[in-house]
Participant: 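One structure coming up, written as structure tokens, with questions to follow.
Just the heavy atoms: all of them, side chains too, but no hydrogens, waters or symmetry mates, feed the values below. Order of the sequence lines sets the chain letters (A, B, ...), proteins ahead of strands, with each chain counted from 1.
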There are 2 protein chains.
Amino acid sequence: MRRDIFQAIADPTRRAILSLIALQAMTPNAIAEHFDSSRQAVSKHIHILVECDLLEQKQDGREIYYHFNPKKMKEVDKWLEQFRNLWENRFTNLDSLLNKMKTAKAK
Amino acid sequence: MRRDIFQAIADPTRRAILSLIALQAMTPNAIAEHFDSSRQAVSKHIHILVECDLLEQKQDGREIYYHFNPKKMKEVDKWLEQFRNLWENRFTNLDSLLNKMKTAKAK
DNA sequence: TATATTTGCAACCGATTGGTTTCTCTTATC
DNA sequence: GATAAGAGAAACCAATCGGTTGCAAATATA
């Protein structure tokens, strides 16, 4: 099943894993030590993150190092783009323009 | 139950609703017309978006207009901040710095 | 070679999710 | 006043989620 990046970052544990891996590549065991749940539960989260390309794995003997893939995270930033002008500059967006026109009409 | 904004934007229908409302405030019926599922299903999505402050409602007679709240969406942008330098400028982040040090050591 | 470590995979389970249908309430409209 | 329309609330349901335990495979290490 194909995973969605928005679904991937919906879980707080997965967001915490991403914050960890973004600083340094780690093995599943090392990651799991940071959480209360079992290694297998963490491993399932990692699997989901790999499925949607947020993490990449590099085998080293019997250990697997998981690396963060920033390019994929960029997709969320890209989606946010449509809203960014709404909180950065409220006077240039279409909504306030329409409101202005309505107000002008009403007078 | 308190909702999480990341859980709120995890659903594709809810993301589509947000994109709609960001352009113009709308009533539940008007929103529901854009989707295949029932009005009640869409209404539940709206309810979730209101719960986590992504939407605000303004009553007008028997109609309710839902408005987009950009400030709340800013929270996602804030969370992305920790990853932004990783895709914008790979040479200033800690990871590549450590890699450089490792490479230097190996020589 | 025997044993320990690291990891993934499968089965199972209760809670949550997203959908439906049905109902009630409020507000226009005839 | 009677009827229609807009919207929320509740009950129900199949599917998915996040967790667990148990097991198998591959790789170090004694």
Side-chain angles (χ1 to χ4, degrees), chain A residues 1-21 24-69 72 76 79, chain B residues 1-21 24-69 72 76 79:
Chain A
M1 187 216 306
R2 198 77 205 114
R3 294 281 177 172
D4 188 287
I5 187 175
F6 291 96
Q7 197 192 337
I9 63 170
D11 185 85
T13 303
R14 285 199 287 272
R15 286 200 302 279
I17 291 174
L18 288 170
S19 294
L20 272 175
I21 306 294
Q24 191 178 10
M26 296 173 83
T27 65
N29 267 346
I31 298 166
E33 280 174 11
H34 290 79
F35 300 94
D36 289 333
S37 52
S38 70
R39 177 188 63 80
Q40 283 88 343
V42 172
S43 213
K44 277 171 91 171
H45 283 304
I46 294 172
H47 185 69
I48 289 171
L49 294 172
V50 168
E51 260 190 326
C52 64
D53 291 326
L54 276 167
L55 294 187
E56 288 164 1
Q57 47 188 354
K58 289 182 185 172
Q59 191 106 22
D60 177 28
R62 69 181 162 185
E63 290 182 333
I64 297 176
Y65 280 87
Y66 286 94
H67 296 253
F68 178 61
N69 177 18
K72 189 66 182 183
V76 180
W79 181 75
Chain B
M1 189 214 307
R2 197 78 205 111
R3 293 281 177 175
D4 189 285
I5 187 175
F6 291 97
Q7 196 192 340
I9 64 169
D11 185 85
T13 304
R14 284 198 288 272
R15 285 201 301 281
I17 291 174
L18 287 170
S19 295
L20 271 176
I21 306 294
Q24 190 178 11
M26 295 174 82
T27 66
N29 266 345
I31 298 166
E33 279 174 12
H34 290 80
F35 301 95
D36 289 333
S37 51
S38 68
R39 178 188 62 81
Q40 284 85 345
V42 172
S43 213
K44 277 172 90 172
H45 284 305
I46 294 172
H47 185 69
I48 289 171
L49 294 172
V50 168
E51 261 190 323
C52 65
D53 291 327
L54 275 167
L55 294 186
E56 289 163 0
Q57 48 187 352
K58 288 183 185 172
Q59 191 104 25
D60 177 27
R62 67 180 166 186
E63 290 182 333
I64 297 178
Y65 280 87
Y66 286 92
H67 296 253
F68 178 61
N69 176 19
K72 189 66 183 182
V76 179
W79 180 75

Participant: Going by the rule side chain to side chain contact (heavy atoms under 4.5 Å, CB included), which residues pair with Asn69(A) if we only count those two or more places apart in sequence or in a different chain?
Facilitator: Asp53(A), Glu56(A), Lys71(A), Lys72(A)
Participant: What residues, two or more places apart in sequence or in another chain, satisfy side chain to side chain contact (heavy atoms under 4.5 Å, CB included) together with Leu18(A)?
Facilitator: Ile9(A), Leu49(A), Leu54(A), Leu55(A), Phe68(A), Met73(A), Trp79(B), Phe83(B)
Participant: Using the test side chain to side chain contact (heavy atoms under 4.5 Å, CB included), find all partners of His47(A) that sit at least two apart in sequence or belong to another chain.
Facilitator: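 Glu51(A).
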Participant: Round to a whole Å and report the spacing from CZ of Phe6(A) to P of dC17(D).
Facilitator: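 Spelled out: CZ on Phe6(A) to P on dC17(D) is 17 Å.
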Participant: With Glu33(B), which residues qualify under side-chain hydrogen bond (donor to acceptor under 3.5 Å, both in side chains), at least two apart?
Facilitator: none
Participant: What is the per-nucleotide protein-contact pattern of nucleotides 23-30 of chain D, from the 5' end, where B denotes a base atom under 4.0 Å from a protein heavy atom, S denotes such proximity for sugar-phosphate atoms only, and - denotes neither?
Facilitator: ----BS--
Participant: Any residue in residues 30-38 of chain A with a heavy atom nearer than 4.0 angstrom to DNA chain D? Just list them by number, or reply none.
Facilitator: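 Of all residues in residues 30-38 of chain A, the ones placing a heavy atom under 4.0 Å from DNA chain D are Ser37(A), Ser38(A).
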Participant: Which protein N or O atoms sit under 3.5 Å from an N or O of nucleotides 12-15 of chain C?
Facilitator:
none

Participant: Could you check which of dA7(D), dG18(C), dG19(D) has an atom nearest any side-chain atom of Thr27(B)?
Facilitator: dA7(D)
Participant: Categorize Tyr65(B) for me: base, sugar-phosphate, or nothing, with a 4.0 angstrom heavy-atom threshold over every strand shown.
Facilitator: nothing
Participant: With respect to the side chain of Arg3(A), which nucleotide from dG8(C), dC17(D), dG8(D) is positioned closest?
Facilitator: dC17(D)
Participant: So, is Asn29(B) near the phosphate of dA7(D), with a side-chain N or O under 4.0 Å from OP1 or OP2?
Facilitator: yes
Participant: Below 3.5 Å, can you tabulate the donor-acceptor pairs from side chains in residues 35-43 of chain A to any protein atom, sequence neighbours excluded?
Facilitator:
from     : atom 1 : to       : atom 2 : distance (Å)
Ser38(A) : OG     : Ala41(A) : N      : 3.2

Participant: Report yes if a side-chain nitrogen or oxygen of Ser43(B) is closer than 4.0 Å to either non-bridging phosphate oxygen (OP1 or OP2) of dA7(D); otherwise report no.
Facilitator: no
Participant: Between dG8(C), dG19(C), dG18(D), which nucleotide gets closest to the side-chain atoms of His45(A)?
Facilitator: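 Taking heavy atoms from C-beta onward, the closest nucleotide is dG18(D).
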Participant: Gln57(B) or Ala41(A): which one's nearest nucleotide on DNA chain D is closer to the 5' end?
Facilitator: Gln57(B)
Participant: Could you list the residues that satisfy salt bridge (Lys or Arg N to Asp or Glu O under 4.0 Å) with Arg15(A), not counting sequence neighbours?
Facilitator: Asp4(B)
